[in-house]
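Written out below as structure tokens is the structure these notes cover.
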Amino acid sequence: MSDFDYDLFVIGAGSGGTRAARVAAAHGARVAVAEEYRVGGTCVIRGCVPKKLLVYGAHFAEDLKDARRFGWQVPSECEFDWKCLQQNVLAEVDRINTAYTTTIENSGAEIILQRATVSGPNEVTLADGTKKTAAKILIAVGAHPAVPECPGHEHGITSNEAFHLDAIPKRILIAGAGYIANEFAGIFHQLGAHVILMNRTKEILRGYDLQIRDRLLQISMMKGLEFRFDATFEGIEKQEDGCLKVSMSGHEPVTVDLVMFATGRRPNTDGLGLESAGVELDDKGAVVVDEDNRSTCASIYAVGDVTNRIQLTPIAIREGQAFADTHFGGKPTKVDYDCVPSAVFSHPPLAGVGMTETEARQKLGSVKVYSSDFRPMKNVLANRDERALYKMVCDGETDRVVGIHMIGPDVPEIIQAAAVAVKAGLTKAQFDATVALHPTMAEELVLLK
Ligand code: NDP
């Protein structure tokens, strides 16, 4: 037993902090976790969970249209009640928030609902001025939406506020073309808004396979979404009628009812006192850590989005688990960042694991690419002119599948299973040796020519 108040003090009860706190406590450590807002963090409170529920809600717009082709008598003027969806989603957020709180408490860790800042290598200061000491401090404070500097930026919202809107706007301009921009573009479009996506470059979803994101762009344009590329904000002006006039470089100004920034996320390290303990930050404000999640201060560690490695919930959870097992469970563990599957819950969704075709061509001597470009059976009967595209990238020498990239209905569900095979290093021949499950979309993966 050390002289410190705790063995571990975790700052931030999001995905990474919660996992680390409860696992360390289960290993017998005396743990406290401080949270300034709500237990659950970005993913549960204002990210993955409520977003996915909105995606489900929004998708009914297409499902209801398609239902007619399947014989259902759906009135032409189907009414959508935003407040109903919003209340149900926020109630589910409350339920998970409670479940997270209970899980932490049941593990024996103490929850302190206050902001905590670092005031030394082994000391934190709570918002009420109380000081607590700990043998180790874990920074798991996450990140926040970054809003570009431009005159009138205060008139815009971020994804944080999107869940609390009074009404769905008639016209929305979304800045950025990454995960959040494309996911919310789909949600707002399906719920009846006219959507304009504006990005500083010509690319959407940088990092994903080129052909897959081109397909999303084509489908989005076909659905009526507008894009403004190579555009930077010159200003947002609030007009007398409350509308927002957005001026941008290279394009005519547009007038919309709402502007939403989805231009990346920055680590929440401002004012956290990390300098008092000699914790080094990178140029984006992220805590610099080694592969054991240790910062440049020997007693301070960090996991999750605040380290800006891969900003995904399951990664934060793995990092939290590895940290707790390594330091409190006597089981040194490192997170493996290779072949992390990811998905964008756009309309339609896209997903990928492993190397894109471009990456494989840069890294491997020879590459073979197999693809299937098809109209899913359901879309055919629904008269929906939306094609799916599956790509498999293989090492030309060894036949090993090094990447799978997909766009189409339910591909995030499919990629999770396919990722096991890619991670296991299976070959194209082993995929082909698996009998197709007919009729599914996923069967294309074992029938690629
Ligand atoms: P992304 O990094 O995905 O996209 C940021 C977008 O904003 C890009 O289009 C980028 O342009 C543009 N951009 C970046 N900086 C600026 C700037 N200063 N001015 C103007 N435009 C800018 O970030 P998101 O905000 O969409 O999401 C943040 C993170 O959250 C993601 O990286 C992801 O890891 C995670 N997330 C994951 C989800 C999932 O797993 N489904 C869902 C939502 C978020 P360009 O690329 O052209 O430079």
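Counting starts at 1 for both ligands and their atoms, following the listed order. These numbers come from the heavy atoms of this one structure, side chains and all, not from hydrogens, waters or symmetry mates.
Using a 30° and 60° split on the angle between ring planes, Tyr390 and Phe374 fall in the perpendicular class, above 60°.
Sparse packing is recorded around CD of Gln416, with 12 or fewer heavy atoms of other residues, nucleotides or ligands lying under 6.0 Å away.
Among Glu319, Arg318, Glu291, the single residue meeting the side-chain hydrogen bond (donor to acceptor under 3.5 Å, both in side chains) criterion with Tyr337 is Glu319.
Protein neighbours of ligand 1 below 4.0 Å, counting non-hydrogen atoms: Lys51, Pro148, Gly176, Ala177, Gly178, Tyr179, Ile180, Glu183, Asn199, Arg200, Thr201, Arg206, Ala262, Thr263, Gly264, Arg265, Gln311, Leu312, Ala343, Phe345.
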Show me the donor-acceptor pairs, under 3.5 Å and distance only, between side chains in residues 42-57 and residues at least two apart or in other chains.
{"residue": "Thr42", "atom": "OG1", "partner": "Arg46", "partner atom": "NH1", "Å": "3.3"}
{"residue": "Thr42", "atom": "OG1", "partner": "Arg265", "partner atom": "NH2", "Å": "3.4"}
{"residue": "Lys51", "atom": "NZ", "partner": "Glu183", "partner atom": "OE1", "Å": "2.7"}
{"residue": "Lys51", "atom": "NZ", "partner": "Glu183", "partner atom": "OE2", "Å": "3.4"}

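Pairing each heavy atom of Glu280 with each of Thr296, the nearest pair is N-OG1, 2.7 Å.
Contact check on Arg228 versus Glu226 returns a salt bridge, with a Lys/Arg side-chain nitrogen under 4.0 Å from an Asp/Glu carboxylate oxygen.
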